[in-house]
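One structure is given below, encoded as structure tokens.
In what follows, chains are A, B, ... by sequence order, proteins preceding strands, each numbered from 1.
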2 protein chains.
Amino acid sequence: MMDAMDLPAPARPTRRPEHAGSRLAQLAGLLADETRARFCLALLDGRAWTAGELARLAGVAPATASGHLDKLVGGGLLTEERQGRHRYVRLADSASAQLVEELAAHAGPPPAPRSLRGSSANTAMARARTCYDHLAGRLGVVITDALLERGLLQQDTGFAVTEDGLRWFDALGVDLTARPRGRRPPARACLDWTERRPHLAGVAGAALCRHALDAGWCERIGSRRALRVTDTGRRALLDLLGITDADLTGESVEAPA
Amino acid sequence: MMDAMDLPAPARPTRRPEHAGSRLAQLAGLLADETRARFCLALLDGRAWTAGELARLAGVAPATASGHLDKLVGGGLLTEERQGRHRYVRLADSASAQLVEELAAHAGPPPAPRSLRGSSANTAMARARTCYDHLAGRLGVVITDALLERGLLQQDTGFAVTEDGLRWFDALGVDLTARPRGRRPPARACLDWTERRPHLAGVAGAALCRHALDAGWCERIGSRRALRVTDTGRRALLDLLGITDADLTGESVEAPA
DNA sequence: AGAGCGTTTCGGTGTTCACCGAAACATTCG
DNA sequence: CGAATGTTTCGGTGAACACCGAAACGCTCT
């Protein structure tokens, strides 16, 4: 950081000399409001929402939502896309999504209650959902566990796709070696706040999620992030990863450690 | 500690029906103030600072700093340790440090000026410093590059210590296999905002930094995060990783693609 | 004990900012 | 065109909150 010049001896305050952590404060300020935080959490589904939808979700007037979106877009966290009379917004990129995830995970209820038997909507979300662009919920965790168990993914020194894993993905028609070599990590762990275990994110996670939706393994329920695993999906998961229905519903699976 | 006081369930959302993203907003709010942001950035050196030091650093009155520290400690981002008339604070844990890092990296100046005209203090920091508990600056990047080159670390599918790497660390007297199996990732990439390249963090990064200081490879300059590589350090880096003085000063090392 | 220093509490000030309702725009549909 | 719908602009209000100085508190050292 180039903030602190040589402050040891003379205190040179009196006025803010340069802009050091001001950028950090500015960024954090975007998420420091509950309404904006709700917006971003909702947008973690990776899709575009309209301003009105977000306003209703957060329980504020459309005018208020409009102002918040100005801030979020202006801050680079969101991008917008006007279509007719609608203003669609989405998270700007995967880095921004990761930031929100990370914050949310860290902010997750510290005395997290193990058993959350919520409404039926909540259980559906807990079972399977998307998290920005990858699979989360019980489904995401179970798949990640299966990949680890079969040596397709290795966690003990990070989160890396193995050689076998590359072949496995290739068999699905997903070529991980041909990735655009961008900044985005190929395999990344995402710690979700309902399941307390990490699950696969990053390029590999996104590719897997896309494939799952394309191949009809699962489909979206309603207009939210929740997913439903189809029959073909169940069959595929069993064939490819040995995942049973009991695994998916969390029947006999307690705490494996 | 006595932290089990007020965080579990305040249950007074004032007006919002449920508490959804309010925890996120609360956490982000801690870093949404420039003074508090400066505090946290300074604390990224992993050491404990007194309230007065932080006040002078940020250019605010001691009374103001005191209040900010109350908030940061209360929010769980910092822990405090009273010693006589001093109030020492430090980042609560590596997770909190990672959070600040991540935010800072994302908030890094988007129109980042390539040329960092630095005072001598700045160049020293750019050359070698600590970042919470691991090595950063040119030194950190060079070591990480060397580890990658020699196959001790692998990045192309994450950031993982290889089998050879485990043996290499073991030869240093650092046993990475005996790690406490905690939540902390063994190997993690930390993207610093002066060097724009990732360098080794996580348990392995911390162990390496500790060893470097213990073995006298480098020593702290002044009271800040800056480090100086000693002669024995130079010799060790050359012997173990083939790192030359030119590498360290960044002489002929431009952009390796 | 008393001087010195770091820290905290207290009262007060000024600014920022989230929020709303109403009216103005803009787009789509009948 | 005129009605319905989604969004934005425009005041205005109220509540946080960052900040300071002064005084009080507590520890250390002479």
Polar-atom pairs under 3.5 Å, protein N or O versus N or O of nucleotides 26-30 of chain D: list them with distances, or write none.
none

Would you indicate, yes or no, if D/dC19 has its OP1 or OP2 atom less than 4.0 angstrom from a side-chain nitrogen or oxygen of B/His68? yes

Under-4.0 Å side-chain N/O to phosphate OP1/OP2 contact, B/Lys71 with D/dA18: yes

Tell me: CZ of B/Phe39 to C1' of D/dC19, nearest whole Å? 12 Å

Between A/Arg87 and D/dT8, is there a side-chain N or O to OP1/OP2 distance below 4.0 Å? yes

Can you check whether B/Thr79 reaches B/Val89 side chain to side chain, under 4.5 Å on heavy atoms? no

Name the nucleic acid region contacted by A/Arg36, choosing base, sugar-phosphate or nothing; use a 4.0 angstrom heavy-atom cut-off, strictly under. sugar-phosphate

Answer yes or no: is there a side-chain heavy-atom contact under 4.5 Å between A/Gln98 and A/Cys190? no

Would you mind reading off the distance between A/Leu31 atom CG and C/dA18 atom P, rounded to a whole angstrom? 12 Å

Got a salt bridge between A/Glu80 and A/Arg82, using NZ or NE/NH1/NH2 to carboxylate O under 4.0 Å? yes

Rounded to whole Å, the CD-C1' distance (B/Glu34 to D/dA18) equals 12 Å

Go through C/dT8, D/dA18, D/dT7 for me and flag the one nearest to the A/Pro62 side chain. D/dT7

Do any side-chain nitrogens or oxygens of A/Thr35 fall under 4.0 Å of OP1 or OP2 in C/dA18? no

Taking the side chain from B/Thr144 and the backbone from B/Leu200, do they hold a donor-acceptor pair closer than 3.5 Å? yes

Rounding to an integer number of Å, can you tell me how far A/Arg38 CZ sits from C/dC19 P? 10 Å

Among D/dT8, C/dT7, D/dT7, find the nucleotide with the atom closest to the side chain of A/His86. D/dT7

Quick one: is A/Thr64 getting a side-chain N or O under 4.0 Å of the C/dC20 phosphate, OP1 or OP2? yes

Counting the atoms with a prime plus P, OP1 and OP2 as sugar-phosphate, which does B/Ala63 contact under 4.0 Å by heavy atoms, base, sugar-phosphate, or nothing? base

Atom-pair distance (CG on B/Asp70; C1' on C/dC10), nearest Å: 14 Å

Hey, are B/Arg47 and B/Glu53 close enough for a salt bridge, meaning a charged N less than 4.0 Å from a carboxylate O? no

Going by an N to O cut-off under 4.0 Å, is there a salt bridge joining B/Glu81 and B/Arg90? yes

Whole angstroms only, please: what is the CG-P distance between A/Leu69 and C/dC17? 17 Å

Nearest-Å distance for atom pair CG/P, residues B/Leu54 and C/dT7: 9 Å

Ring-plane angle category for B/His134 and B/His199, please: parallel below 30°, perpendicular beyond 60°, tilted otherwise. tilted

Would you indicate, yes or no, if D/dC25 has its OP1 or OP2 atom less than 4.0 angstrom from a side-chain nitrogen or oxygen of B/Arg82? no

Describe the nucleic acid contact of A/Ala51 in one word from base, sugar-phosphate, nothing, applying a heavy-atom distance below 4.0 Å. sugar-phosphate

What is the distance, rounded to the nearest whole Å, between atom OH of B/Tyr88 and atom C1' of C/dT7? 13 Å

Would you check if the side chain of A/Arg87 reaches a backbone N or O of A/Gly52 as a donor-acceptor pair within less than 3.5 Å? no

